[in-house]
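Take a look at the structure set out below.
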Amino acid sequence: MVATGFASFDTTVDKTNRLLKEIEDAYGWPKERRKQSYAALRTVLHQLRDRLTVDEAVQFGAQLPMLVRGIYYEGWKPAETPVKMHSEEFYQRIRHDFPYSIQGDIEQLVHTVLETLQRHISEGEWHDLRGRMPADLVTVIPA
């Protein structure tokens, strides 16, 4: 655990590191690839956020650990959301924004990140998130 001297900061850094480690473990990446797990989390969060309405994005963001919430909102332009996209475009946007090569396909990466996030979000909010997605994109969100 990181010791910043401020309990809230220590807790959010710890939660964020655990989330990133879960992505690494699920994907089989060593800790030395932390930048890659961070990029995967950030990229998926941004595309998910941009697909949601402003109210939906805020409700989902409220569930995230404080540090991850900052990553989620980084660069957000609420006036430009929601961005209408189908699942193929969702995956293409993530592939475009994810700067690393990976084994497997981008769908596997997205699935890994979303399954990890699901463990850190309340069941009710996750159910709401799935309910807000159009039929084509709901298949991307793990049940």
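Counting from 1, the numbers follow the sequence of the chain as shown.
No more than 12 heavy atoms of other residues, nucleotides or ligands sit less than 6.0 Å from atom CZ of Phe9.
Atoms CD1 and CD1, from Ile94 and Ile106 in turn, are 6.5 Å apart once rounded to the nearest 0.5 Å. Rounding to the nearest 0.5 Å gives a distance of 8.5 Å between CG of Leu41 and NE2 of His46. Once rounded to the nearest 0.5 Å, the distance linking OG1 of Thr16 with CZ of Arg69 reads 10.0 Å. Rounded to the nearest 0.5 Å, atoms CD (Gln118) and CG (Leu114) are 8.5 Å apart. One finds the CZ atom of Arg42 at 13.5 Å from the OG atom of Ser37 (value rounded to the nearest 0.5 Å). Note that the OH atom of Tyr27 and the CD atom of Gln108 stand 4.0 Å from one another [nearest 0.5 Å].
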Inset, instruction - Please assess Gln36 against Phe98 for the test side chain to side chain contact (heavy atoms under 4.5 Å, CB included), listing each intermediate value before the final yes or no. - result: CA-CA 9 Å; Gln36 192 164 320; Phe98 184 69; 3.6 Å; yes
Inset, instruction - Could you check Gln47 against Asp97 for side chain to side chain donor-acceptor pair (under 3.5 Å), going step by step and ending with a plain yes or no? - result: CA-CA 9 Å; Gln47 291 308 317; Asp97 292 346; 3.2 Å; yes
Inset, instruction - Give the intermediate values and the outcome of salt bridge (Lys or Arg N to Asp or Glu O under 4.0 Å) for residues Arg34 and Glu24. - result: CA-CA 8 Å; Arg34 181 59 49 102; Glu24 291 158 4; 2.5 Å; yes
Legend entry - From CA spacing to verdict: side chain to side chain contact (heavy atoms under 4.5 Å, CB included), Ile23, Trp29: CA-CA 8 Å; Ile23 292 169; Trp29 294 334; 4.0 Å; yes
Legend entry - Working for side chain to side chain contact (heavy atoms under 4.5 Å, CB included), residues Val83 and Arg93: CA-CA 11 Å; Val83 175; Arg93 287 170 174 257; 3.3 Å; yes
Inset, instruction - Any chance you could lay out the side chain to side chain contact (heavy atoms under 4.5 Å, CB included) test for Leu19 and Leu117, step after step, and finish with the verdict? - result: CA-CA 8 Å; Leu19 199 148; Leu117 280 170; 4.2 Å; yes
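Checking side-chain atoms of Thr12 against main-chain N and O of Ser8 turns up no donor-acceptor pair under 3.5 Å. With Glu125 contributing its side chain and Ser122 its backbone, the two residues share no donor-acceptor pair below 3.5 Å. Looking at Arg49, its side chain never comes within 3.5 Å of a backbone N or O of Ala57 through a donor-acceptor pair.
In this structure the side chain of Leu137 reaches within 4.5 angstrom of the side chain of Met85, judged on heavy atoms. Within the 4.5 Å cutoff, side-chain heavy atoms of Arg51 are placed close to those of Lys84. Between His86 and Glu89, the closest side-chain pair of non-hydrogen atoms falls below 4.5 Å. Residues Leu52 and Pro82 form no side-chain contact, since every pair of their non-hydrogen atoms from C-beta on lies 4.5 Å or further apart. Residues Ile121 and Phe60 have side chains in contact (heavy-atom distance under 4.5 Å, counting atoms from C-beta outward). Between Trp126 and Ile141 the shortest side-chain heavy-atom distance falls below 4.5 Å. Taking 4.5 Å as the limit, some side-chain heavy atom of Leu45 sits within range of a side-chain heavy atom of Leu64. Using a 4.5 Å cut-off on side-chain heavy atoms (C-beta onward), Tyr38 and Ile71 make contact.
Both Val44 and Val58 belong to a common hydrophobic cluster when Ile, Leu, Val, Met, Phe, Trp and Tyr are linked at side-chain heavy-atom distances under 4.5 angstrom. Linking ILVMFWY side-chain heavy atoms closer than 4.5 Å, directly or via other members, places Phe90 and Trp76 in a single hydrophobic cluster.
The side-chain contact (heavy atoms from CB on, under 4.5 Å) test with Met133 is passed by exactly one of Val140, Leu48, Thr139: Leu48. Paired with His120 under the rule side chain to side chain donor-acceptor pair (under 3.5 Å), one option of Lys15, Glu22, Gln63 passes, and it is Glu22.
Side-chain polar atoms of His127 and Glu123 form no donor-acceptor pair below 3.5 angstrom.
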